[in-house]
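The structure appears below as structure tokens.
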Amino acid sequence: MSGIRLGRDSFHTYEEGIKREWIIGNGIGGYASSTVIGAGARTYHGLLVAAPPDSPGRVLLLSSLDEEISLNEDIYPLATHKYPGTVYPEGFTYLTKFILAPAPSLGLKKKIFMVHNSNTTCILYEVRCRREGALLRISPLVNARSFHGTTRSGDLSFSQKAETDGTKLESSNGFTFWLSSNLQYHADPKWYYNFEYDIEKDRGLAFREDHFNPGYFESRLKMGTSYFFIAASTENISSLTLEKAEELYTREVYRQNLFAFNSRLTEPFALKLLRATDPFIVKHPLTGEKTIIAGYPWFSDWGRDVMISFPGLVLIPRRFKNFSSNCRRGLIPNNFPAFGGEPVYNTVDASLWFIHSLSRYFAYTEDLLFLSDIWGTVEDIIDNYSKGTDFGIGMDSDYLIRQGPQLTWMDAKVNDIPVTPRAGKACEINALWYNTLRTACRLGDLLGRDTSSYETLAAGVASNFERVFWNPENNCLYDIVSEDKAGNQIKDSSIRPNQIFAVSLPYTMLSPEKEKAIVDRVEKDLLTPFGLRTLSLDDPSYIGLYRGGSESRDSAYHNGTVWPWLLGPYVKAYRKVHNYSKKSLEDMRALLQGFDSHLETAGIGTISEVFDGDFPHSPGGCIAQAWSVAEILRAYVEDVLGIKP
């Protein structure tokens, strides 16, 4: 699969180096991540962030490896760390290039990879020596805490059982892991103090931490080329050899190449996006079922994100799996906290996206048996939505769906106060509701089911949608229609991207003229090179920068911040209203290929969660977001390359 190469000009200073991060997953929710210069700039950075099945969340175990080469009196430290007021050592000054293909590769040569379906990270070293007597020393910095937190030396202690080829570590808070190598291990326990994480500092979060160094690995270098490995794992890897480590690397390369082959994609930009999908598909550590991580480094699996990401992450790469979830009273869970908490059902749209994803799955697979097995869930969703279910979700006499507060994807709060109040009838929820009903009619007919009641409901929605939501003043849709305490109707004329779904979904209700007007309005007020703004520039509530502490960021989250995943429906809607013309094809190709340069910034080889609404639209949020990657890939493959069922 195509790789990404960065030269010294991409990380010639510490400040530039920490703006570029990499992340690789292990298929079960764990990951390894750092900056291209090896400096930890987040609490979430680490070479082994494990997802143990008996843990309530992901755990940082191996923070970094501090390499140094010494020759006589000269010492060349290759690590980079930030301490109060200084960067030391400045190992990045020796770094000449960074390659992401299929795992990060950086000098000495150094290859970092994770063993698939295992909480194991392995680093392969290739060291070329032109003089006798050089000494390689590698010092692991370890921890044992939630990847959300920080540790001070008094919080934690470690015991170790050291051998010549590694050590077994046990933390005072109950975690056990192993370090292994073909270098000789020497126990020499000590704490390193006051590491600083610049990105967390900018985000207004805890940014200082201590790490434990249990000892060091060491070897004299012979003339020519020497090969070494270091591995960290929650499994006993004391018998791991260099040959086995190299075999594991070869197996991982083969797995990724096979994944690319099975997708049947050959176009270079599509292959880059395809590679970005890999870390998001994971096996749940408790249930063993496949799920989708919403974003790295801090999200777990979210129902809404799973359903929106499903076509791009599962169908385009041809990973045909059963992603059905626990449906309760017609609701698909919004998320499963920390890979094992009780599911949270506070979402109005996840169930509707579920039925949309089911229809796309059937389009790709024509799997009638699976459709028959899952049909009861479809009926349960529609029955509960039409009669009323939890969180104030239900159908009114006008056939439109209303919901309680903070149940749509725009759900941010500051001090428990909604930033974007959207209780009532939301335009995209009712566009999805109509699409759900019409989809159920089509799929039900294929199964020989009576769908006449769904036809009636769909006709009722279509007869009222335009009357309730059309805004003649702005020539687009109202975002939310609600009622005050006196029963008076309130129509929110804020120009937001939610209306694009009334054009992009397979089944829509408006005339071609009105659909074209919506796309024109979205293009004029919301379109940027990296996605759609969540609020018009002209709105007094618009916030153009996603910056600062959590309160500042949450306030901007859906009030101007740009979301890349919205380009997926935008591209589909744009091509539709321009009659699939050649010009519309080239316009959308250029728009999506604009992400090619972004793949070399922020999260290397992947797509960020959000961007600033203001120019130059700097990236923010998660460095790798599932629906950002999924919808850019889906739109590029289906709507630009024209590869679809």
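Computed over heavy atoms, backbone and side chain alike; hydrogens, waters and symmetry mates excluded.
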Any idea which heavy atoms bring Ala245 and Leu240 closest together, and the distance? N-CD1, 4.1 Å
Step through the shown structure and confirm whether more than 12 heavy atoms of other residues, nucleotides or ligands are within 6.0 Å of CD on Gln593. yes
Do the non-hydrogen side-chain atoms of Lys168 and Gln160 ever get within less than 4.5 Å of each other? no
To the nearest 0.5 Å, how far apart are CG in Leu169 and OG in Ser159? 7.5 Å
Answer yes if the side chains of Glu609 and Tyr546 hold a donor-acceptor pair under 3.5 Å, and no otherwise. no
Output yes when Glu126 and Arg128 qualify as a salt bridge under the 4.0 Å nitrogen-oxygen rule, no when they do not. yes
Identify the two heavy atoms, one from Leu567 and one from Gly531, that lie closest to each other, and give their separation to 0.1 Å. CG-CA, 3.5 Å
Do Trp563 and Tyr557 have ring centres separated by under 6.0 Å? yes
Would you confirm whether the ring centroid of Tyr227 sits within less than 6.0 angstrom of the ring centroid of Tyr125? no
Salt bridge or not between Glu247 and Arg251? Use side-chain N to carboxylate O under 4.0 Å. yes
Between Thr35 (side chain only) and Arg20 (backbone N and O only), is there a donor and an acceptor less than 3.5 Å apart? no
Looking at Ser309 and Asp305, would you say the former's side chain and the latter's main chain have a donor-acceptor pair under 3.5 Å? yes
Do Cys122 and Met114 have side chains that get closer than 4.5 Å, going by heavy atoms? no
At what distance, to the nearest 0.5 angstrom, does CD1 of Ile24 lie from OH of Tyr31? 12.0 Å
State whether a side-chain donor-acceptor pair under 3.5 Å links Tyr636 with Glu631. no
Name all residues meeting the ring-ring contact (aromatic ring centres under 6.0 Å, His included) criterion together with His12; count only those two or more places apart in sequence or in a different chain, and write none if there are none. none
Looking only at atom types and distance, does a side-chain atom of Ser608 sit under 3.5 Å from a main-chain N or O of Val610, one as donor and one as acceptor? no
Using modelled atom types and a 3.5 Å cut-off, is there a donor and acceptor pairing between side-chain atoms of Arg8 and backbone atoms of Thr93? yes
Counting only heavy atoms not in Tyr94, do more than 12 sit closer than 6.0 Å to its OH atom? yes
Report, as yes or no, whether the 6.0 Å neighbourhood of atom CZ on Arg152 holds more than 12 heavy atoms from other residues, nucleotides or ligands. yes
Main chain of Leu273, side chain of Thr277: is a donor-acceptor contact present, judged purely on distance under 3.5 Å? no
Evaluate the side-chain proximity of Phe175 to Phe158: yes if any heavy-atom separation is below 4.5 Å, no if none is. no
Under 3.5 Å, side chain of Ser263 to main-chain N/O of Ala260, donor-acceptor pair present? yes
Are Phe98 and Phe11 near enough that their ring centres are under 6.0 Å apart? no
Say whether, by atom type as modelled, one donor and one acceptor occur between the side chain of Glu267 and the main chain of Phe269 under 3.5 angstrom. yes
Ignoring hydrogens and geometry, is there a side-chain-to-backbone donor-acceptor pair from Thr86 to Tyr88 under 3.5 Å? no
Over all heavy atoms of both residues, which pair between Ser64 and Leu47 is shortest? Give the atoms and the distance, please. CA-CD1, 3.9 Å
For the residue pair His148 and Trp298, establish whether any side-chain heavy-atom pair is separated by less than 4.5 Å. yes
Sidechain-backbone polar pair: Arg58 side chain, Ser146 backbone, donor-acceptor under 3.5 Å: no
Please determine which of Ile138, Thr80, Leu141 meets the side chain to side chain contact (heavy atoms under 4.5 Å, CB included) test together with Asp66. Leu141
A quick test of your reading: do over 12 heavy atoms of other residues, nucleotides or ligands sit less than 6.0 Å from NZ of Lys161? no
Look up atom CZ in Arg634 and atom CG in Leu592, then write down how far apart they are to the nearest 0.5 Å. 9.5 Å
When you measure from the side chain of Asp301 to the backbone N and O of Thr291, does any donor-acceptor pair fall under 3.5 Å? no
Distance col, row Phe147:CZ vs Thr43:OG1, nearest 0.5 angstrom, shows 8.5 Å
In terms of side-chain heavy atoms, does Asn26 have a donor or acceptor partner in Asn119 at a distance below 3.5 Å? yes
Just list the side-chain donor-acceptor pairs under 3.5 Å for residues 206-213, sequence neighbours left out, or say none.
| residue | atom | partner | partner atom | Å |
| --- | --- | --- | --- | --- |
| Arg208 | NE | Glu196 | OE2 | 2.7 |
| Arg208 | NH2 | Glu196 | OE2 | 2.8 |
| Glu209 | OE1 | Arg145 | NH2 | 2.6 |
| Glu209 | OE1 | Tyr197 | OH | 2.5 |
| Glu209 | OE2 | Asn143 | ND2 | 3.2 |
| Glu209 | OE2 | Arg145 | NE | 2.9 |
| Glu209 | OE2 | Arg145 | NH2 | 3.4 |
| Glu209 | OE2 | Thr151 | N | 2.7 |
| Asp210 | OD1 | Asn194 | N | 2.9 |
| Asp210 | OD2 | Ser153 | N | 2.9 |
| His211 | ND1 | Asn143 | ND2 | 3.0 |
| His211 | NE2 | Ser63 | OG | 3.3 |
| His211 | NE2 | Tyr197 | OH | 2.9 |
| Asn213 | ND2 | Pro140 | O | 2.9 |
| Asn213 | ND2 | Gly215 | O | 2.6 |

Determine whether Glu21 and Arg42 satisfy the following criterion, salt bridge (charged side-chain N to carboxylate O under 4.0 Å, His left out), listing intermediate values before the conclusion. CA-CA 10 Å; Glu21 306 170 60; Arg42 300 181 186 268; 2.8 Å; yes
Trp302 and Phe299 aromatic ring geometry - parallel, tilted or perpendicular at 30°/60° bounds: perpendicular
Does the side chain of Thr164 come under 3.5 Å of the side chain of Gln184 through a donor N or O and an acceptor N or O? no
